[in-house]
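To find a chain, count down the sequence lines: A is the first, B the second, and so on, and within it residues start at 1. Worth saying up front: this structure is predicted, and the values here are computed from it rather than measured.
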Amino acid sequence: MDKNYQPKQFEENIYQFWENNNFFEAKINKNKKTFSIILPPPNANANLHLGHAMYVYEDIMIRYHKLLGDEVLWLPGADHAGFETQFVFEKHLSAQGKSRFDYDRDTLFQMIWKFVMKNRDNMENQLRRLGFFLDWKKKKFTMDEDIVKIVYQTFEKLYKQGLVYRDKKIINYCTFCGTSFSDLEVVDKEKNSSLYYIKYPFVNKKGYIVVATTRPETLLGDTAVAVNPKDKRYKKLIGEKVIIPFVNRQVEIIADDFVDPKFGTGAVKVTPAHDFNDYEVGKRHNLEIIQVIGFDGKINENGEEFKGFYVGEVRKKIVEKLKEKQLLEKIDENYKNRVGCCYKCGRALEPLPKEQWFIKVKPLAQKAKKLVIEEKIKIYPKRFKKILLWWLENFKDWNISRQIVWGIRIPAYKCKSKIPLKTAGRQNSKIEGEWFVAVEKPKKCLICGECDFEQDNDTFDTWFSSGQWPFATLQTLGSEIFNYFYPTTVMETGYDILPWWVARMIMLGIFATKKPPFENVFLHGLIRDKKGQKMSKSKGNVINPMDMIEKYGADALRLSLVFGTSEGNDVFFSEEKVIGMRNFVNKIWNIGRFIYINKYQISKIKNQKLENIDKNQNLKQEIKRLEKEFEEIKKRYLKLMNGYKFSKALGLIYEFLWHRFADYYIEQLKKDVFDGNIESLKVLEEFYLETLKLLHPFAPFITEVIWKKFKGEEKSIVIKNLKNKV
RNA sequence: GGUCGCGUAGCUCAGUUGGCUAGAGCGUUUCAUUGACAUUGAAAAGGUCAGAGGUUCAAGUCCUCUCGCGACCACCA
């Protein structure tokens, strides 16, 4: 044994040993309790980051339950991560001077497929480097044929029950990325906007009404002006008509409660096609919806003279021209507001009317809520229960259509022979044509029976498929596996995707299987740098977990993420902490080395003092004390582990092994060991190895390396039973 | 504006259901070390537990308020 532990000499071989011996493989064993976790599938578009290393909590649980003798399953997978991946891929393209528009749908899809497959292999090997106890034989990908089929079945079932509907309404659309989003993907950014006060002249009398807006260009689509019905200033004007500049449309002044008399002038221009509020007002007052901004971010033919120009340019032009026409009363330059932006590219999103598939969330959320309230699903740490319930109460209908190529194409089809005539340019909110949904593409149109119907070009929001992950993965492995391991025991993930993923898994899981997808939710914190800032490429503070493993070993990295933290709180990561844990691992190694070396030497000494133990009262006492202390430690350890207090369990072992076992007991028994007393050495060895079992879930490599040194290369600590002793 | 979290030793953080002189890692100081480990050992210095009030025999721990930091949510055009 070297003086210092060299993780690189062992880790990859050890992992291979585990994998080759099928230790990771879960089987059906009706006599055993099950413990199952579905790994949150990492996106198959990049290397793992430190956030993924936090899945070490799952490994700790899995390995712990393996030691307890349960039948464990930790199922790995990869997420195609639709929009995210396409976005990453487009960055690669643009680095080569290309863009998504240079390829047809199939070519682009195939290119991304190759890209993803390569990344997926890489990502999986990185999970291995972390030492994760994953059942690789069962690995799944969100775009596997059998998974897609289940996703389709769920969609069809939702559709048949009226929980999926197609509608045309205002959605968040990124004109740069070329797709719509759900509400969750919108990030509000505070911006310095100007507030423009614009005069709308009356039709039937002299004068004008002034409206305040941050988006003067949308006046091209205005179909009303609204005031609060209680506002005395405007009461007499309700019903009066005004003229919208440039487009010369006559619109009415209407009364609606949503108008805040204290804001601006108390009069609001209403653009139902380009504002969520105005859309609602429009519905209440039966206003016309005139879309003036196209999906390319340019003004369309309804914008008359401004057609073909980008929104930003048109804003400037309109402001200039309003000034010329003396229709601009004033500009408040110091106005701040929040603008919904694309969470990926950061540009302002455009609210646009568009036909999409929506999930009616309320009924699904109600059932999910019940599970959480009744604790059929338990949440750890418990403060997240309230947050989860808030979300389940406040979800809006979920837009699941994405206008991107990379994803699972929606199995919805439009009948061609029953498309109504478009109302020229002007749009109403009715959807065009009749649709049907089918898991397998049928031979004949299910609507008219004769047309060559078209499949929807859109793909699913990634979260729609990943929201089905727990049951979809297990169902594809056969009903026996599914029935044995479902519902899974724990869902462990970062608290940042609680609404995106956890809530939706519960909703879709209970809908599709009538059972909760998991019994417990355990949420971990986010990794930040040592100053508490989010790690991001632009800040340059990203730490690559593989570098840490290279330098200090996987055990050290794993321990550094758990030691001295509080579950669910953010982790401030620092290399110094990894070094500290590397030192701990080295300490473990050297305890082993001490016992190992002396064992070897004593066996060569002729007169071993076997009888010493009875005569040496001090020795006898110390051994008894050690025994008692270990039992106490183990009892506390089991309680902490069962209560998801992993950090504390680790702290306990750390303290015991280093500052009690090494610093105290070894020092106490050292003299006897040097005297050739084999009994005291045996005691030390026994308790050392027992403690390694407790440590194994946290530091799987070093514990296995030492186990093999003592018990033989073919042996393994992984499959030892914790209950056998004490 | 709402909700949640945080504010404990120079730094990063623990502190279970309130209970003896408040802990760890790193850092600092002193000493030790030729039979496991300098990626070591022994010891020391260092905290009005953000502030104020309250409950209690007893509060870092429970309650109320204030201040500071952070996160998430919210339709103010």
Asks: State whether the side chain of A/R593 and the backbone N or O of A/M1 hold a donor-acceptor pair below 3.5 Å, judged by distance alone.
Replies: yes
Asks: Does atom NZ of A/K635 have more than 12 heavy-atom neighbours from other groups under 6.0 Å away?
Replies: no
Asks: Looking at A/K587 and B/C37, is any side-chain donor or acceptor paired with a base atom of the opposite kind under 3.5 Å?
Replies: yes
Asks: For a quick check of understanding: with a heavy-atom distance under 4.0 Å over all strands, which category does A/K577 fall into, base, sugar-phosphate or nothing?
Replies: nothing
Asks: Quick one: label A/Y654 by what it contacts on the DNA or RNA (base, sugar-phosphate, nothing), any heavy atom closer than 4.0 Å.
Replies: sugar-phosphate
Asks: Between B/A42 and A/H659, is there an OP1 or OP2 to side-chain N/O distance shorter than 4.0 Å?
Replies: no
Asks: Is the backbone N or O of A/D278 less than 3.5 Å from a side-chain atom of A/D275, with the two atoms forming a donor-acceptor pair by type?
Replies: yes
Asks: With sugar-phosphate meaning primed atoms plus P, OP1 and OP2, does A/H274 contact a base, only sugar-phosphate, or nothing at under 4.0 Å between heavy atoms?
Replies: nothing
Asks: Counting any heavy atom closer than 4.0 Å, what does A/I595 reach on the DNA or RNA strands: base, sugar-phosphate only, or nothing?
Replies: nothing
Asks: Base, sugar-phosphate alone, or nothing: which one does A/W589 contact when heavy atoms must sit under 4.0 Å apart?
Replies: nothing
Asks: What's the gap between B/G51 and B/C11 when it is taken at their C1' atoms, as a whole Å value?
Replies: 23 Å
Asks: Between B/A42 and A/E667, counting only base atoms on the nucleotide and side-chain atoms on the residue, is there a donor-acceptor pair under 3.5 Å?
Replies: no
Asks: Using a 4.0 Å cut-off on protein heavy atoms (strictly under), produce a 5'-to-3' string for nucleotides 1-10 of chain B with B for base contact, S for backbone-only sugar-phosphate contact, and - for none.
Replies: --SSS-----
Asks: Are the side chain of A/R383 and the backbone N or O of A/G568 linked by a donor-acceptor pair below 3.5 Å?
Replies: yes
